[in-house]
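Below: the structure, in structure tokens.
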Amino acid sequence: MTIRTRFAPSPTGNVHIGNMRAAIFNWLYARHTGGQFLLRVEDTDRERSTPEAIETLLQAMDWLGLDVDEEPLYQSTRMDAHLAAAEQLLADGHAYKEDKGGIGQGECIIFRMPEEDMVFEDEIKGTLTKKAADTQDFVIVRSNGTPVFHLANVLDDIEQRVTHVIRGDDHIENTYRHIALYKALGAPVPKFAHLPMIINAQGKPYSKRDGDAFVGDFKEKGFLGETLFNYLALLGWSPGDDREVMTRDEMIAAFELTSCKSSPAQVDLRKLLWMNGEYIRAMKPEEFAEMAKAEVSAFAKATADKPNLDAVLALLQPRIKLPSEIGPAAAFFFSDDYEYDEKAVQKKLLKEGSFQTLEKIAEIFQGLETFDEATVDKALHDFVEESGLGFGAVMPPVRIAVSGQQSGPDLAPVLSILGKEKVLERIQKTIDRFGA
RNA sequence: GGCCCCAUCGUUCAGCGGUUAGGACUCCAGGUUUUCAUCCUGGCAACACGGGUUCGAUUCCCGUUGGGGUCACCA
């Protein structure tokens, strides 16, 4: 039997990472078993299920690489089928009508829970049981004639021939109802796997009400889809060994429902950030350049004598964890208008001998035939040695002079990329400005 | 409150009766002969508690405590 899993979100606003994590596990399991991964959009709440929300959802899935094997099923198209099933349930004596009062008017259809105790084998949690006395009949069709979640959800899972329902463990209580529904409908009961919740920094599960942790937020902040996928996959699951940064294929190969944990996990933004850095460092230079394009577009093309962009990016790639760090780090390469970091100036530049040093360095650079990295590096080292000043007295002033910063990539390549002329110009400018 | 689920370093993932309880993130120290980042080395840091079962429990069972879920004509 081909395994079929599904992701069944209601497109009400943004999808939070708890939901998306469930989607990832469904996808991973389908891919691992060579099965199919399906999408069902539970858009029966017309108020909140807007086309924009659906578009946002689809984009988030695409960003994470969660490809589906069949056209999405839109639940709103299934209302007739849902109601027909409710009528059948009524006819079979599995449901009855009642006026429960309340705001509604008239009768709703209520499903009759079986008298027996219930038990099922959860793929993750193990044996789960419920006494008949602890279950209650529940509404499947509202008095206004619309189907309720439980009915629609089960019917659509039957329609999509879902074999494994993998969802958050906040659905455990629902599962007893759903199993009863499957049986009353005469449909095979799928396997269930209940994932532990992902909790926020306050220890509370993410929910629709949470104002943060939307998938799109992570994209906007510059996290890569691959990073979030990998990180989320590791929340509640592990390959059983010490691997953490893994390729998609490795995760697919290693994924098992039985190796999922059943205790909740908290998102650690610091580790996510670290992992993003890992993915960025692993990028091919052209991929990194593509990503950086937007970050440097503001200044990289405007300058006629701009330095080699590829060289700058090569210097930056190992140093950043988010694309947003590229712009600020690259700016001084392209603009002479860089700001001088006040603290750096105070601490490292306005020191005894700094300006004499800068003048000497300028003199030495002036005499260099070529200005490639190795030459510049040698010149710097030779000067340090001959002058007896030490690196700490030489490098910082030079760095501040050409970049305004007290930290950054290795100095020699920075100088080489800027070019002799620019470097001399900037050293002179710095002396004029602060050395008087 | 009833019912249900959960419980290893601050976080995360290992451990599935006998281990110096391991890896990763974070943090700290040192190194890679300028800084920051990377990289390398080392370090700090955990089995919630109490009973059992057992020659022996982090591991199995029960209870306590703590956390969470669920009890809708929401999904």
Side-chain angles (χ1 to χ4, degrees), chain A residues 8-12 19 42-45 48-49 75 98-110 122 124-126 128-131 133-136 138-150 152-153 168-176 194 196-197 199 201 203-205 207-208 231 234-245 259 261-275 277-278 281 315-321 325 329 344 347-348 380-381 384 389-400 403 405-412:
Chain A
S10 54
T12 52
N19 273 151
E42 304 210 328
D43 58 346
T44 50
D45 186 337
R48 295 183 294 173
S49 300
Q75 189 161 73
E98 186 180 310
D99 186 342
K100 293 187 76 178
I103 358 160
Q105 54 298 307
E107 297 183 310
C108 45
I109 300 177
I110 298 175
D122 189 276
I124 295 173
K125 304 258 182 192
L128 262 21
T129 59
K130 195 77 174 174
K131 292 198 174 56
D134 295 324
T135 64
Q136 279 187 329
F138 58 97
V139 174
I140 51 177
V141 178
R142 300 183 187 87
S143 54
N144 69 3
T146 59
V148 169
F149 162 73
H150 303 293
N153 186 268
D169 68 10
D170 51 336
H171 278 292
I172 286 181
E173 300 296 326
N174 288 336
T175 303
Y176 300 102
H194 287 97
M197 302 275 90
I199 57 183
K204 306 289 183 188
S207 74
K208 298 167 224 170
Y231 182 79
L234 253 24
L235 241 35
W237 171 78
S238 83
D241 49 43
D242 286 338
R243 286 179 293 165
E244 291 199 317
V245 178
S259 52
K261 290 228 317 174
S262 59
S263 52
Q266 198 173 76
V267 173
D268 183 351
L269 261 11
R270 290 174 306 185
K271 184 154 187 175
L272 179 65
L273 194 60
W274 162 79
M275 191 175 275
E278 291 290 305
R281 263 170 257 132
L315 236 37
L316 263 26
Q317 185 172 355
R319 312 174 52 78
I320 64 149
K321 294 191 166 72
E325 295 165 14
K347 226 174 123 189
K348 303 285 186 183
L380 245 17
H381 277 71
V384 167
L389 287 170
F391 288 100
V394 176
M395 309 296 233
V398 176
R399 179 185 295 286
I400 294 166
S403 73
Q405 306 290 317
Q406 67 176 326
S407 67
D410 290 342
L411 194 50

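In the text below, chain A, chain B and the rest are named by the order of the sequence lines, each starting its count at 1. Only a predicted model underlies this, so the values are computations on that prediction, with no experimental measurement involved. Atoms considered below: every heavy atom in the structure, side chains included; atoms not considered: hydrogens, waters and symmetry mates.
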Whole-Å distance between [N] [atom2] and [X] [atom1]?
X	N	atom1	atom2	answer
A/Leu235	B/rA14	CG	P	11 Å
A/Gln317	B/rA37	CD	C1'	13 Å
A/Glu325	B/rA37	CD	P	12 Å
A/Arg270	B/rU11	CZ	P	10 Å
A/Trp274	B/rU12	CH2	C1'	11 Å
A/Phe138	B/rU70	CZ	C1'	14 Å

Please measure how far the [atom1] atom in [N] lies from the corresponding atom in [M], and state the result in whole Å.
N	M	atom1	value
B/rG42	B/rU54	P	43 Å
B/rG66	B/rC73	C1'	36 Å
B/rG18	B/rC9	C1'	23 Å

Inset, instruction - Starting from the 5' end of RNA chain B, give me the residue, A/Ala265 or A/His381, whose nearest nucleotide shows up first. - result: A/Ala265
Inset, instruction - Would you kindly compare A/His171 and A/Gln136 by the position of their nearest RNA chain B nucleotide and give the one closer to the 5′ end? - result: A/Gln136
Legend entry - A/Lys100 side chain near B/rC73 phosphate (N/O to OP1/OP2, under 4.0 Å): yes
Legend entry - B/rC39 OP1/OP2 closer than 4.0 Å to side-chain N/O of A/Arg281: yes
Closest to the [X] side chain: [options]?
X	options	result
A/Ser407	B/rC13, B/rC3, B/rU35	B/rU35
A/Lys271	B/rC3, B/rU34, B/rG23	B/rG23
A/Ser238	B/rC73, B/rA75, B/rC13	B/rC13
A/Glu173	B/rC5, B/rC25, B/rC3	B/rC3
A/Asp242	B/rU34, B/rA75, B/rG23	B/rG23
A/Glu278	B/rC3, B/rC39, B/rU11	B/rC39
A/Lys321	B/rU34, B/rA75, B/rU38	B/rU38

Inset, instruction - For the pair A/Arg399 (side chain) and A/Pro409 (backbone), establish whether a donor and an acceptor sit closer than 3.5 Å, ignoring hydrogens and angles. - result: yes
Do [X] and [Y] make a side-chain contact, defined as non-hydrogen atoms from C-beta onward lying under 4.5 Å apart?
X	Y	value
A/Leu411	A/Val398	yes
A/Val148	A/Phe138	no
A/Asn19	A/Pro9	no

Legend entry - Under-3.5 Å donor-acceptor pair between A/Asn174 side chain and B/rA75 base: yes
Legend entry - Among A/Leu273, A/Leu269, A/Asp268, the one residue meeting side chain to side chain contact (heavy atoms under 4.5 Å, CB included) with A/Lys271: A/Asp268
Pairs: protein N or O with nucleotides 7-9 of chain B N or O, under 3.5 Å:
none

Inset, instruction - Would you jot down, in residue-number order, the residues of residues 389-397 of chain A having a non-hydrogen atom under 4.0 Å from RNA chain B? - result: A/Phe391, A/Met395
